[in-house]
Amino acid sequence: NSLINACVRCGRLDKAVSVFQEMKGSGFAPNVVTYTSLVEGLGRAGKLAEAERLFSEMRRQGQDPNSRTFNAMIRAYGDNGRLDRALSVFESMEGEGCAPDAYTYNMVIHMYGREGRVEAAEAVLAQMQEQGCHPDRVTYNTLMTAYTKGGHYDKAVQVLQMMRKSGVAPDLYSYSILLDACAKTCSLQHAIKIFDDLRNSGLHPNVVVYTAMMNAYGRAGDIDGAEEIWREMKMAGCVPS
RNA sequence: UGACCCAUUUAAUC
């Protein structure tokens, strides 16, 4: 399984499949982890029919999909422009006796956000909470992205506050999402405020945050400010990308 | 029953 997964992660689906064949040929029964890795690999390669086939085959082999398998299948469809299919797999989970986990909800929220369907994303968040699944950092960050991409900066900031209130500490993703939004709308003053919050949080900015912040200065026409960030970044030992 | 062990989700620039 580790080898198959390594192949999948490196984009070598062909090798993953041949290891899978070898595995079966030498009498080792693939388990749920094996199938999940392959579904993921097939999804990345856009081979949806093949992924679906394994998704069915595993049940016949007595390996029922678990939440991670469903997640891999949902992502396979979602990343290949089949939101409709992704959603039907998502909706089938309950009936299959598999409860969606935070990853599941987070992915679905992300997919709706990417389509600009902010209200649908909010509905999934509500559903998540109804099911007793607690939103985590990724949930909040994903929702913030949905808002900023939809031009609702204020709502994104509200999410940051909601996040803190729920005891989930914002991370570098949270800040970079807001900084990027400020940069894209040339709201330098907001960006400066967010960057200040970040410093006070005790987190150390990384290259993504610095890049977004330089962008905020740059787009606002403040070259000196941008250079100042650049110097700070190098001083902090942060390597440019 | 639980923990651990192999597989899943979010940000900038290009």
Side-chain angles (χ1 to χ4, degrees), chain A residues 1-10 13 16 19-20 23 28 30-44 51 54-55 58 63 65-79 86 89-90 93 98 100-114 121 124-125 128 133-149 156 159-160 163 168 170-184 191 194-195 198 203 205-219 226 229-230 233 238-241:
Chain A
N1 285 348
S2 294
L3 183 54
I4 288 174
N5 189 241
C7 295
V8 167
R9 278 203 320 249
C10 299
L13 179 63
V19 174
F20 178 57
M23 185 178 185
F28 288 98
N31 67 9
V32 60
V33 174
T34 322
Y35 284 107
T36 301
S37 293
L38 288 166
V39 167
E40 186 191 333
L42 289 164
R44 284 193 197 184
L54 276 190
F55 194 52
M58 63 188 295
Q63 294 291 324
N66 62 19
S67 62
R68 292 189 177 203
T69 323
F70 278 96
N71 293 348
M73 200 64 230
I74 290 168
R75 179 157 196 186
Y77 280 128
D79 284 353
V89 174
F90 171 55
M93 290 180 77
C98 183
D101 61 14
Y103 281 76
T104 318
Y105 290 113
N106 292 345
M107 280 192 304
V108 175
I109 290 170
H110 179 243
M111 287 172 190
Y112 275 130
R114 194 167 51 189
V124 175
L125 173 68
M128 179 179 188
C133 185
H134 297 290
D136 60 15
R137 275 187 183 77
V138 175
T139 314
Y140 291 118
N141 290 341
T142 303
L143 197 60
M144 284 202 298
T145 303
Y147 283 132
T148 58
K149 299 290 183 199
V159 173
L160 186 76
M163 192 171 181
V168 178
D171 62 8
L172 292 177
Y173 280 68
S174 321
Y175 291 105
S176 70
I177 290 160
L178 295 177
L179 288 173
D180 178 52
C182 295
K184 302 278 161 70
I194 299 294
F195 198 59
L198 165 52
L203 292 170
N206 64 7
V207 64
V208 175
V209 167
Y210 282 125
T211 306
M213 193 60 193
M214 278 192 290
N215 224 252
Y217 276 108
R219 289 184 183 234
I229 298 294
W230 169 250
M233 172 173 142
C238 190
V239 183
S241 50

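So that the names make sense, note that chain A is the first sequence line, chain B the second, and so on, each numbered from 1. This one's a predicted model, so the numbers in the text were calculated from it and none came from an experiment.
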Donor-acceptor contacts, no H, no angles, side chain residues 207-219 of chain A, under 3.5 Å, sequence neighbours left out:
unit_1, atom_1, unit_2, atom_2, d
A/Thr211, OG1, A/Val207, O, 2.5
A/Asn215, OD1, A/Arg219, NE, 2.9

Item checked: For A/Thr139, side chain to side chain donor-acceptor pair (under 3.5 Å) partners two or more places apart -> A/Asn106, A/Asp136
Item checked: Aromatic centroids of A/Phe55 and A/Phe70 separated by under 6.0 Å -> yes
Notebook entry, point to check: Whole-Å distance between B/A11 P and A/Leu143 CG?
Noted result: 13 Å
Next item on the list: Could you tell me the separation between the CG atom of A/Leu198 and the P atom of B/A12, rounded to a whole number of Å?
Entry: 16 Å
Note to self: What is the separation between atom OH on A/Tyr217 and atom C1' on B/A12, rounded to the nearest whole Å?
What the structure shows: 16 Å
Note to self: If you compare every side-chain N and O of A/Lys184 against the phosphate oxygens of B/A11 (OP1, OP2), does one of them come in below 4.0 Å?
What the structure shows: no
Margin query: Holding to side-chain contact (heavy atoms from CB on, under 4.5 Å), I want the full list of residues that pass it with A/Asn1, two or more places apart in sequence or in another chain.
Written below: A/Met23, A/Asn31, A/Val33, A/Thr34
Check: What string of B, S and - do you get for nucleotides 3-10 of chain B 5' to 3' if you count protein non-hydrogen atoms under 4.0 Å?
Finding: ---BBBBB
Checklist line | Set of side chain to side chain donor-acceptor pair (under 3.5 Å) partners for A/Tyr103, sequence neighbours left out | finding: none
Notebook entry, point to check: With sequence neighbours left out, what residues match A/Ser174 under side-chain contact (heavy atoms from CB on, under 4.5 Å)?
Noted result: A/Asn141, A/Met144, A/Leu160, A/Met163, A/Pro170, A/Asp171
